[in-house]
Undergrad: 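Encoded as structure tokens, here's the structure I'll be asking about.
A, B, ... follow the sequence lines: proteins, then strands. Residue 1 opens every chain.
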Amino acid sequence: MTPKDIQEILGFIAASGLEEVVIETEGLKLKTKRNPEIKATQMVSMPAPQPVLANPVVQTPQQLAAPKAEEKAAPVAEKVSSTAYVAIKSPMIGTFYRSASPTTPTFVNVGDEVKKGQVVCIIEAMKLFNEIESEVTGRVVKVLIDNASPVEYDQELFLVEPL
Amino acid sequence: MFSAPLSTQIIGKNLVYLPTCASTNAEAQAYLQQSYPLEGTVVVTSEQTAGRGQRGTTWETAPHQNLTFSIILAPKFLQATEQFQLNVAVTVGIVQALQRHIALQIKWSNDLYAEGKKMGGILIENILQHNYLRYSIIGIGINVNQIDFGQFALTAPPTKQPTSLHALTQQTYNLQHLLNDILLGIEQTYFQLRTNQFNLLKMQYLQHLFWYQELHTFEVAGKLVEGYITGIDSQGRLAVAIENTLQYFDVKEIVFVQ
């Protein structure tokens with residue numbers, strides 16, 4: 001089970017409209033729940049965005065065995081947990097580009113600090129080019145998608161550590 | 001030299017004329033970074049030296065003969081997933097504006113064709129905030145009085161041969177008048193978009209769609225197939241009936257052959 005597999009499962013669950021999902025296999029226990037607070041704001045103000053899986057909780061065996069995991073610090077740090085970081089997600093289906101054009105440098109790299117509102121990538125959809133802005137100020141810890149790869153709606157693109 | 005049109009309400013009311021520039025879309029981007037320009041601001045040039053097309057491609061245009069301009073819109077009412085509606089509104093607006101001069105067709109998804117040749121193109125660049133469109137820069141290039149297309153005409157494949165209004169009608173056009181017409185046409189369809197008239201706009205898009213409901217040859221996954229274009233879906237994907245099966249294609253998944 002790679003992070004990408006988990007992402008795909010979450011994408012599928014997000015698209016399904018299910019309120020709460022628990023999947024349990026030998027190697028994985030995954031529990032997701034839509035955030036009721038988000039739902040409430042959708043009803044009050046602003047045209048509602050499509051249902052988004054807010055704060056997915058991903059539990060892996062290491063996390064379940066919490067006391068043991070502390071002994072092995074390395075694998076825990078290596079495992080990128082979406083709870084500690086904020087994910088910048090794709091608002092549409094399209095192609096992910098890390099630069100404005102093939103000849104210009106990438107917008108951001110791992111380790112870079114980004115400001116809220118700063119452009120981090122372009123998603124091309126049906127020949128329209130969409131500049132995606134970071135929703136938080138922080139440091140880029142991971143770029144999850146390769147340049148020029150297809151992305152799905154709500155797929156995570158970057159992980160940012162809020163500063 | 002260009003000045004603001006009198007007939008529109010928002011588009012072109014603030015008009016920036018640059019005798020020469022690299023790219024009107026790039027200039028519009030720069031304005032957006034410096035300030036909060038009025039919605040409807042138009043950047044127009046007589047000589048675009050590094051016009052951009054689709055990613056990594058260029059838009060070449062002869063100076064003083066054609067229209068090259070960009071419009072800054074703020075379609076905050078559109079969700080990211082609805083962005084193709086902008087393309088629909090803009091292409092329909094241009095086709096309707098030029099209707100009295102020429103029967104333009106929209107070659108899916110955003111090229112302007114007349115008599116089977118390419119007369120114009122559009123490059124839309126959006127700036128998103130969360131899931132909504134904050135700004136949209138609509139770059140438009142239309143061949144008007146150009147006669148000689150030089151090397152490009154010699155090397156372009158038959159389905160991408162260039163043409164101009166003049167080449168098809170033998171008339172010379174006043175660029176300012178044409179710009180006024182096009183800005184008004186786009187404003188009308190943009191107002192329709194603002195009032196959520198997606199279905200009306202889509203009907204008009206299909207009405208002017210190149211190869212619509214005609215049997216043609218396409219290339220799909222490296223193979224030649226025959227099919228009919230039957231429409232577009234809400235994302236803008238092309239619906240083609242191939243051997244009695246309706247299939248939907250993204251822009252990179254299908255090539256128009258003949």
Undergrad: What residues of residues 103-128 of chain A sit under 4.5 Å from chain B when only non-hydrogen atoms are counted?
TA: A:Glu124, A:Ala125, A:Met126, A:Lys127, A:Leu128

Undergrad: Is A:Ser134 close to chain B through its backbone or its side chain, or both, or neither, when contacts mean heavy atoms under 4.5 Å?
TA: neither

Undergrad: What part of B:Leu123 lies closer than 4.5 angstrom to a heavy atom of chain A: side chain, backbone, both or neither?
TA: side chain

Undergrad: For the atom pair CE (A:Met92) and CD (B:Glu82), what is the distance rounded to the nearest 0.5 Å?
TA: 11.0 Å

Undergrad: Return the minimal non-hydrogen interatomic distance between B:Leu128 and A:Pro91, and the atom names on each side.
TA: CD2-CG, 3.4 Å

Undergrad: Using the side-chain hydrogen bond (donor to acceptor under 3.5 Å, both in side chains) criterion, which residues pair with B:Asp233? Sequence neighbours excluded.
TA: B:Arg237

Undergrad: Give, for atom OH of A:Tyr153 and atom CD of B:Gln235, the distance between the pair rounded to the nearest 0.5 Å.
TA: 12.0 Å

Undergrad: May I have the list of side-chain donor-acceptor pairs in residues 249-258 of chain B shorter than 3.5 Å, sequence neighbours left out?
TA:
{"residue": "B:Lys252", "atom": "NZ", "partner": "A:Thr95", "partner atom": "OG1", "Å": "3.3"}
{"residue": "B:Glu253", "atom": "OE1", "partner": "B:Asp250", "partner atom": "N", "Å": "2.8"}

Undergrad: If you count the non-hydrogen atoms of other residues, nucleotides and ligands that lie under 6.0 Å from CD in B:Glu60, is the total more than 12?
TA: no

Undergrad: Check residues 206-214 of chain B and write down every donor-acceptor pair under 3.5 Å in which the side-chain atom is one partner and the other belongs to a residue at least two apart or another chain.
TA:
{"residue": "B:Glu214", "atom": "OE1", "partner": "B:His216", "partner atom": "NE2", "Å": "2.7"}

Undergrad: Go through the atoms of B:Gln29 and report whether side chain, backbone, both or neither lie under 4.5 Å from a heavy atom of chain A.
TA: side chain

Undergrad: Where does B:Asn25 contact chain A at under 4.5 Å (heavy atoms): side chain, backbone, both or neither?
TA: neither

Undergrad: Contact between A:Glu131 and B:Glu125 at the side-chain level, heavy atoms closer than 4.5 Å - yes or no?
TA: no

Undergrad: How many angstroms lie between CG in B:Asn131 and CD in A:Glu135, if you round to the nearest 0.5 Å?
TA: 7.5 Å

